[in-house]
Amino acid sequence: MSKIAFITGASSGIGRATAIKLAEGGYNLILCGRRLDRLEALKSLLPKSSLVKILIFDVRNRNEVESQIASLSPEWKNIDVLVNSAGNAHGLASLQTSDVDDWDAMIDGNVKGLLYVSRAIIPMMVERKKGHIINLSSIAGKQTYINGVVYCASKKSVEAISEGMRLELTEFGIKVTNIAPGAVETEFSEVRFKGDLERAKKVYEGYQPLLPEDIADTINYVVNVPDRVSIADILIYPKAQASPGVIYRSK
Ligand code: 8X3
């Protein structure tokens with residue numbers, strides 16, 4: 001079988017764009033997400049030369065994660081690339097006013113979910129003495145901003161997890177790449193603002209945000225460098241952005 005990439009959060013945004021890019025490059029894919037209809041629609045777009053397996057689970061549900069990954073047949077367990085793309089922001093408010101359920105959603109999805117999936121897949125990579133894990137962090141993992149404390153904390157955790165995975169897995173020939181994008185136009189802001197499309201649109205007004213395809217291109221690059229090369233950490237902004245709060249917009 002050709003190489004296999006396992007992608008969480010594949011039903012939208014960066015995960016979806018990465019699936020398309022890697023399929024074009026000849027990968028077989030395990031597409032993971034919560035929404036079967038979206039994953040089926042994505043599968044129908046992919047080149048027929050790519051074998052595609054769909055797994056439906058919420059990364060926050062540890063039992064689902066474990067049982068879905070355990071259900072893979074032996075040949076599908078030869079996972080070469082894990083893209084931990086699932087994750088979201090919920091709310092944009094100060095610590096003392098924000099909704100504690102939003103904190104749970106972010107810590108459970110962005111941190112614990114990523115860990116559950118990785119915990120299930122890393123032993124397979126260790127056994128084969130090869131593999132590449134790509135963790136989607138954020139500029140929020142590098143710099144904390146007002147009203148985003150828990151989201152930033154969850155992404156700082158991703159940074160720590162990437163660093164720790166690299167320390168523990170290099171010995172087994174497994175690469176770990178941490179990718180921290182700035183503003184990418186996806187459903188991210190729509191989810192953060194709980195469906196308020198007007199508010200979400202404003203985040204990307206007056207400049208050209210990154211597109212999910214830009215991050216997919218980066219992922220495609222890091223998985224295709226020579227085997228001797230390990231790209232550890234990448235920070236990517238749109239041209240108009242200089243920090244989380246500094247974006248130059250046209251008037
Ligand atoms: C998304 C980027 O700046 O909205 O992770 O936190 S930001």
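Just follow the structure's listing: the first ligand is 1, and inside any ligand the first atom is 1.
Heavy-atom neighbours of R119 CZ from other residues, nucleotides or ligands within 6.0 Å: at or below the threshold of 12.
Using modelled atom types, no side-chain atom of D80 and backbone atom of H132 make a donor-acceptor pair closer than 3.5 Å.
Ligand 1 has at least one atom lying under 4.0 Å from a heavy atom of G182.
Set against the non-hydrogen atoms of R192, the atoms of ligand 1 under 4.0 Å away are 4 (O). Listed by number with element, the atoms of ligand 1 under 4.0 angstrom from any heavy atom of A140 are 6 (O). Atoms of ligand 1 found under 4.0 Å from any heavy atom of Y145 (numbered from 1 in listed order, with element): 4 (O), 6 (O), 7 (S). Less than 4.0 angstrom separates some heavy atom of S138 from each of these atoms of ligand 1: 1 (C), 2 (C), 5 (O), 6 (O).
Note that CG of N84 and OG of S137 are 11.5 Å apart. Values are rounded to the nearest 0.5 Å.
A salt bridge does not link R249 with E205: every distance from a Lys NZ or Arg NE/NH1/NH2 to an Asp or Glu carboxylate oxygen is 4.0 Å or more. Ion pairing between a basic and an acidic side chain is recognised when a charged N comes within 4.0 Å of a carboxylate O; K194 and D99 show no such pairing. Under 4.0 Å is where a charged nitrogen must lie from a carboxylate oxygen, and between D196 and K202 no such pair does.
For atom 3 (O) of ligand 1, the closest non-hydrogen atom of the protein is I139 CG2, 3.5 Å.
Not a single N or O atom of Q241, backbone or side chain, sits closer than 3.5 Å to an N or O atom of ligand 1.
Of all the heavy atoms of K155, none lies under 4.0 Å from any atom of ligand 1, so neither backbone nor side chain is involved.
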